[in-house]
Amino acid sequence: MDTPSRTSALGHMNTDVPELHGYDTGICLANVDEMTVRLHRVSESLIAMLSELADAILTDAEGDSDTVSSILLSLLGERETPSPTDDRLCELVSAANRDLMGRFTAHMGLYERLALYRLIEERRQVAANSDGGNTQEPTVSPTAAGRIAYMPSAFADKAYLRFADRIKNCRAAAHAGFPDACEEVRGGLCEYCILPMESSSDGKLLTFTSLILHYGLRIVAVCDLASGIAADRVTRFALLRLADDEWLTAPALPPSGEDEQLSIELLHVTSSVPLSELLIAADFCRMSLLRADTLPRDARTGLDFQDVTDADTPPVCVVLRADAHSDLPTFLRYLSLDAADDRLMGIYPTW
């Protein structure tokens, strides 16, 4: 039987093989077409139901981001521990929407949750644009704006000059130690600080990673400086800023151009969320894995997250790559809800 033209995508298939002898290839291909049509119908139906759920959540939350997160967390808790009624969920949603949400929680898998997060963000963005598209800037005092605290050295001075080219009204604030520079940012006296993060000879410098976590900082840019006779030794310096709610939606310093890529660095320590699931979520959001470094097991104590990870599971430093086509808001919502114990270290370009 001749292969129908509507299945031209499979027209290259060689039918003269033992496995296909005795089979009508036209019927096989027609069945494939029928299954594809049914799959599209199921997908459209699922998206329609998730859209209805997203509208219900935003309606009950009245557009408040914290309430949206609370409702989603309640749904996740209901999914993990099913019960006839969830007191927290009943407080947050109307009776009209409670049944709608209840129908999804028991069967909502990873892809369904990610699709729901994306739909909520799309609707929030539409609402923000209709209100004029105004976004709240992080609060920084006029005296601190543009000030960069760091411990002077030959390398650190070069890093400061590299970062100063991109920072408006940049001013240096020299300090005798790295903790002092971090304290200046946490205390609101400086907007940024500079720390060395890793080197080609020593790898990741966990002492400075510990400072980032202790002072509640996030990486907003990095630069690589070479040294040595053959310039074969490279040290990476990071520009850091105090973490705030802005990290739930966007990086503090967006790329300077549409073609510029961003790195998303995090410490994966959530034993209940496999690393494979984290990478699936990243792929769903159109981000690629740049590197994944397993840290020493004893790093848990120094980085102060031994209480949220299995004692036998070492933390993993994951670096993802995002570009203009990536869905960063959906991935950040996934991190805040599904993998809340993972530590977001920064979202940054390389300068």
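For the numbers below, each heavy atom of this structure counts, side chains included, while hydrogens, waters and symmetry mates do not. Since the structure is predicted, the reported quantities are computational estimates derived from the model, not experimental observations.
- A side-chain hydrogen bond (donor to acceptor under 3.5 Å, both in side chains) check over residues 148-161, counting only residues at least two apart or in different chains, returns the pairs Y150-D157.
- Taking the side chain as every heavy atom from C-beta outward, M345 and I212 approach each other to under 4.5 Å.
- The existence of a salt bridge linking R186 and E183 is confirmed by a sub-4.0 Å separation between a basic side-chain nitrogen and an acidic carboxylate oxygen.
- E184 and Y192 are not linked by any side-chain donor-acceptor pair at a separation below 3.5 angstrom, with hydrogens and angles left out of the test.
- By the 4.5 Å heavy-atom criterion applied to side chains, L262 and D323 are not counted as neighbours.
- A salt bridge does not link K204 with D293: none of the charged nitrogens is closer than 4.0 Å to a carboxylate oxygen.
- Between E198 and R291 there is a salt bridge, with a side-chain nitrogen of the basic residue lying less than 4.0 Å from a carboxylate oxygen of the acidic one.
- At least one donor-acceptor pair under 3.5 Å links the side chain of R218 to the backbone N or O of L344.
- Within the 3.5 Å criterion, the main-chain N or O of L206 finds no donor-acceptor partner in the side chain of S210.
- By the 4.0 Å N-to-carboxylate-O rule, R286 lies too far from D327 to be salt-bridged with it.
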Is there a side-chain contact (heavy atoms from CB on, under 4.5 Å) between D338 and L278? Walk through the geometry before answering. CA-CA 9 Å; D338 295 60; L278 181 76; over 6 Å; no
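- The aromatic ring centroids of Y334 and Y117 lie 6.0 Å or more from each other.
- Closest non-hydrogen pair, R123 versus A54, comes out as CD-CB, 4.1 Å.
- The side chain to side chain donor-acceptor pair (under 3.5 Å) check on T235 picks up nothing, with sequence neighbours excluded.
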